[in-house]
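What follows is one structure encoded as structure tokens, with my remarks underneath.
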Amino acid sequence: MVFIDAAKGQYLDYLQKVLPHLTKDGVIISDNVLFRGYVLSTEKPPRRYKTIVKRLREYLQIIEDKDKFLTIIYENGDGLAVSQRVYND
């Protein structure tokens with residue numbers, strides 16, 4: 001199991017670094033993935049958050065790929081994603 005709660009704009013980098021070490025059916029818990037509601041909003045985020053929101057959306061796109069992960073996103077607070085790795089052996 002891996003818990004990611006760090007620089008929000010770097011979640012993709014953290015994911016790439018932990019994947020080689022994650023066992024079959026391993027779990028990744030990612031905190032604050034909805035970042036103040038901006039990630040799911042259709043409105044443009046404030047300029048200072050634009051890059052963070054863009055990168056978190058990219059991260060969610062990867063962990064929501066059903067060929068790679070089974071992901072549940074809990075929308076309480078700033079959001080929590082629980083992703084189980086999937087192997088197609």
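Val82 and Leu60 fall into different hydrophobic clusters, where Ile, Leu, Val, Met, Phe, Trp and Tyr residues are linked whenever their side-chain heavy atoms come under 4.5 Å apart, directly or through other members. Note on Val27: it does not cluster hydrophobically with Val86, by side-chain heavy-atom contacts below 4.5 Å among ILVMFWY residues. A single hydrophobic cluster is not seen to contain both Leu22 and Leu70; linkage of ILVMFWY side chains at heavy-atom distances under 4.5 Å, directly or through other members, places them apart. Under a hydrophobic-cluster definition in which Ile, Leu, Val, Met, Phe, Trp and Tyr are linked whenever side-chain heavy atoms come within less than 4.5 Å, directly or via other members, Leu80 and Tyr14 are assigned to different clusters.
With contacts defined as side-chain heavy-atom distances shorter than 4.5 Å, the pair Leu34/Ile73 qualifies. Ile29 has its side chain out of reach of Ile4: every pair of non-hydrogen atoms, C-beta onward, lies at least 4.5 Å apart. The shortest distance between side-chain heavy atoms of Ile62 and Leu15 falls below 4.5 Å. Here the side chains of Val39 and Leu56 are in contact, with some heavy-atom distance below 4.5 Å.
Between the side chain of Arg85 and the backbone N or O of Leu19, at least one donor-acceptor pair lies under 3.5 Å. Side-chain N or O atoms of Ser83 include none that pairs as donor or acceptor with a backbone N or O of Phe69 at under 3.5 Å.
Expressed to the nearest 0.5 Å, how far CE of Met1 lies from CD of Gln84 amounts to 13.0 Å. Residue Gln61 holds its CD atom at 11.5 Å from CZ of Arg57, rounded to the nearest 0.5 Å. Note that the NZ atom of Lys68 and the CD atom of Glu64 stand 13.0 Å from one another [nearest 0.5 Å].
Here the closest heavy-atom approach between residue Arg55 and residue Gly9 is recorded as CD-O, 3.0 Å.
Annotation: side-chain contact (heavy atoms from CB on, under 4.5 Å) contacts of Asp5 (sequence neighbours excluded): Phe3, Lys8, Tyr11, Asp31, Asn32.
Screening residues 36-49 for side chain to side chain donor-acceptor pair (under 3.5 Å) gives Arg36-Tyr49 as the qualifying pairs, with residues at least two apart or on separate chains.
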